[in-house]
Amino acid sequence: MLAYTKISCDCRNPQRLLNKLTEKNIAVRKVEINDDIMRFSIDDKQLKSVKKIMDKMAISHNVESRGGSYLAKKLTLRYISIVLTAIVMITLLFCLTTICFDVRIDCDDPQLKGQIADILNSNSIKAFTPKSKIDTSKLSYELTKSIDKIGFANCYFNGGVLHISIKEVHIKDEEPKYDTIVADRDCIITKVLVYSGTALVKEGDVVKKGDVLIEGYVDSMPNDPQNEENERFYVKADGVVMGETAYTKQIVMTDSAITALRTGESYSVTQIYLFGKLIGKQNPIKYESYEYTTQVKTFGSVIPIKAVTTTYYETKLESTPVEEADIEEAISLAYIELWHMLPNDAKLLNDYTYKKKLDNLHIIDIYLITEEEISAGK
C-alpha cells in the first residue's frame, strides 16, 4: 500500500509553492524537479488543501497516485463482500454439520412410506433435529426389524439431509420354461445341432430375429407322408444353432475438414472458489472461438479455498483437405470399434471394405462377417 499521495504540477517557481505549503503546515516529501515539472508527495488527508492552494496560484496539476486512508477505504469496500460471504459460508457449514434440515424417504410405495414415517415420529426424528440425537445405525436396524416388507434399510446423512434408502423384499420369480428356441438376430444358418425337440431350419436358411429355430416337440413318425399314426410328444427344446451374421459400420467423410487452429493469442484468468462457490463475477470470454486449459490449487484444510487459473487460447477455423491417410485412419478406428462389438464366442469368417465417391463425399462401408451361436432360450 502507498503511504502518500503523489502529485505532479507545472511550476516555474517551485520555491514559491513550497513556501506556501509550509505556511499551511503541509509536509512535503520526495520533491523532484525536472524542467518545469515538479513532483512531490503529501499525506492523502491534505490533498484537498493542496489542490485548493494550487488552484488559487493557477498552477495546473495532476494526482498521479493515491495512498493512505484512500486506499484503505477502497480495499475495504473491495473485499468486504468476500469477508461477508466467508462468514455466511462458515455459518452455513456449521449448521450443515450439526442440524438435520430435512428427512427424505427414498420409496415409491405410499403404504410403506407411511409406515416408515410412523417409526420416525415415534423416535421424534423430524426436520431441524440435532444430528447428535439421531443414531442412523440404530434407525436402520429398527426399520428392517419392524417392517416385514423391508429387506434392508440404509440411513445416512448427506449434508443437512437425512436420507432413508430401503430395499424391498421380493419373492424370486420362477424361472421361465422355454418350449422353443428362437433366433436372437438376423443370420444365415450354418449349423444345427438338436439335443431335444425338432429343428425347423437347416443349413443355408435365412432367418430373421425372433424366428423359431427348434420347437419343443418330437414326432414319433416324422417321415410318414400320410402322418396317420404319428404321435407327438412335447419336450423341452434344446440344442445349438450357429449362424453367419454381419457387423457393419458406415463412414461418411467430406473432401475437406474444418479444424480449429490456435492464433497465438491467449490470456489467463484466476478465480477464487470458497466451498465450491465462485467469489466475484464470471467475466465473459474475450474470444469467439477458443480452447482452454485449467490449473487448480487448493489452500487450507478446514476452510478449503480453490484458486482456479484458466488460460484461454484464441482459435480460428480453417478448412483442410482430407488426405488418403485420413481416410485410412478413420477405417482403422472403425475396425477397432466393430471388433469390440463382437461376442467372445464369435468366429471371424471374413471382412470387407467398400469405398465409393459421391460428389464431395467419401462413403465407406465396413463389414465383419462372423459365425456365432444365434439361438436363444436354451
Less than 4.5 Å apart, any side-chain heavy atom of [X] and any of [Y]?
| X | Y | result |
| --- | --- | --- |
| L368 | M341 | no |
| T293 | Q295 | no |
| V322 | I327 | yes |
| K24 | S49 | no |
| R104 | N158 | no |
| L112 | Q115 | yes |
| K249 | Y247 | no |
| I147 | I116 | yes |

Among W339, Y367, Y335, which residue meets the side-chain hydrogen bond (donor to acceptor under 3.5 Å, both in side chains) test with D351?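 Answer after filtering W339, Y367, Y335: Y335.
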Same cluster or not: [X] versus [Y], using hydrophobic residues (I, L, V, M, F, W, Y) connected whenever any side-chain heavy atoms lie under 4.5 Å apart?
| X | Y | answer |
| --- | --- | --- |
| I59 | V31 | yes |
| M57 | F40 | yes |
| I369 | I366 | no |
| I7 | I33 | yes |
| Y354 | L348 | no |

For H163 and Y156, take the angle between the two ring planes, folded into 0 to 90°, and tell me which bin it lands in: parallel under 30, tilted 30 to 60, perpendicular over 60. parallel
Look at the side chain of [X] and the backbone N and O of [Y], then say whether any donor-acceptor pair between them is shorter than 3.5 Å.
| X | Y | answer |
| --- | --- | --- |
| T198 | Y217 | yes |
| Y290 | I285 | no |
| D359 | L361 | no |
| D186 | K209 | yes |
| T144 | A153 | yes |
| N123 | I125 | no |

For [X] and [Y], test the side chains for any donor-to-acceptor distance below 3.5 angstrom and give the result as yes or no.
| X | Y | result |
| --- | --- | --- |
| T315 | E291 | no |
| S268 | T311 | yes |
| N350 | Y352 | yes |
| E244 | T190 | no |

Verdict with supporting geometry, T245 and T370, side-chain contact (heavy atoms from CB on, under 4.5 Å): CA-CA 6 Å; T245 186; T370 67; 3.4 Å; yes
Heavy-atom closest contact ([X] atom, [Y] atom, distance):
| X | Y | result |
| --- | --- | --- |
| T136 | C155 | CB-O, 3.3 Å |
| C9 | L17 | SG-CD2, 4.0 Å |
| C187 | G243 | SG-CA, 4.1 Å |
| T5 | S65 | CG2-O, 3.1 Å |
| I214 | D238 | CD1-O, 4.2 Å |
| Y312 | Y287 | O-CE1, 3.7 Å |

Would you give the length of the straight line joining atom [atom1] of [X] to atom [atom2] of [Y], rounded to the nearest 0.5 angstrom?
| X | Y | atom1 | atom2 | answer |
| --- | --- | --- | --- | --- |
| K355 | I251 | NZ | CD1 | 9.5 Å |
| D10 | H61 | CG | NE2 | 10.5 Å |
| I150 | I119 | CD1 | CD1 | 7.0 Å |
| E142 | S122 | CD | OG | 5.5 Å |
| I279 | Y273 | CD1 | OH | 10.0 Å |
| K316 | E265 | NZ | CD | 11.0 Å |

Check whether NZ of the Lys or CZ of the Arg K30 lies under 6.0 Å from the centre of the six-membered ring of Y4 and within 45 degrees of that ring's axis.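 So K30 doesn't make the cation-pi contact.
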Show, in sequence, the C-alpha distance, side-chain angles and deciding distance for V241 and I189, and conclude whether the side-chain contact (heavy atoms from CB on, under 4.5 Å) test is met. CA-CA 7 Å; V241 182; I189 302 298; 3.7 Å; yes
Should the heavy atoms of other residues, nucleotides or ligands under 6.0 Å from [atom1] of [X] be counted, would the total exceed 12?
| X | atom1 | answer |
| --- | --- | --- |
| Q111 | CD | no |
| Y313 | OH | yes |
| F157 | CZ | yes |
| Y292 | OH | no |
| K357 | NZ | yes |

Among V103, I134, T129, L143, which one satisfies side-chain contact (heavy atoms from CB on, under 4.5 Å) with L120?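 Among V103, I134, T129, L143, the one meeting side-chain contact (heavy atoms from CB on, under 4.5 Å) with L120 is V103.
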Before you tell me yes or no, could you show the steps for I26 and I53 under side-chain contact (heavy atoms from CB on, under 4.5 Å), namely the whole-Å CA-CA distance, both residues' side-chain angles and the distance that decides it to 0.1 Å? CA-CA 11 Å; I26 297 174; I53 292 171; 4.0 Å; yes
Please test N19 against E23 for side chain to side chain donor-acceptor pair (under 3.5 Å), starting from the C-alpha separation and ending with a verdict. CA-CA 6 Å; N19 292 339; E23 290 177 6; over 6 Å; no
Tell me whether D205 is salt-bridged to K202, with the criterion being a basic N under 4.0 Å from an acidic carboxylate O.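 Counted as a salt bridge, because a side-chain N and a carboxylate O are separated by less than 4.0 Å.
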Before you tell me yes or no, could you show the steps for I374 and L213 under side-chain contact (heavy atoms from CB on, under 4.5 Å), namely the whole-Å CA-CA distance, both residues' side-chain angles and the distance that decides it to 0.1 Å? CA-CA 10 Å; I374 54 90; L213 306 176; 3.5 Å; yes
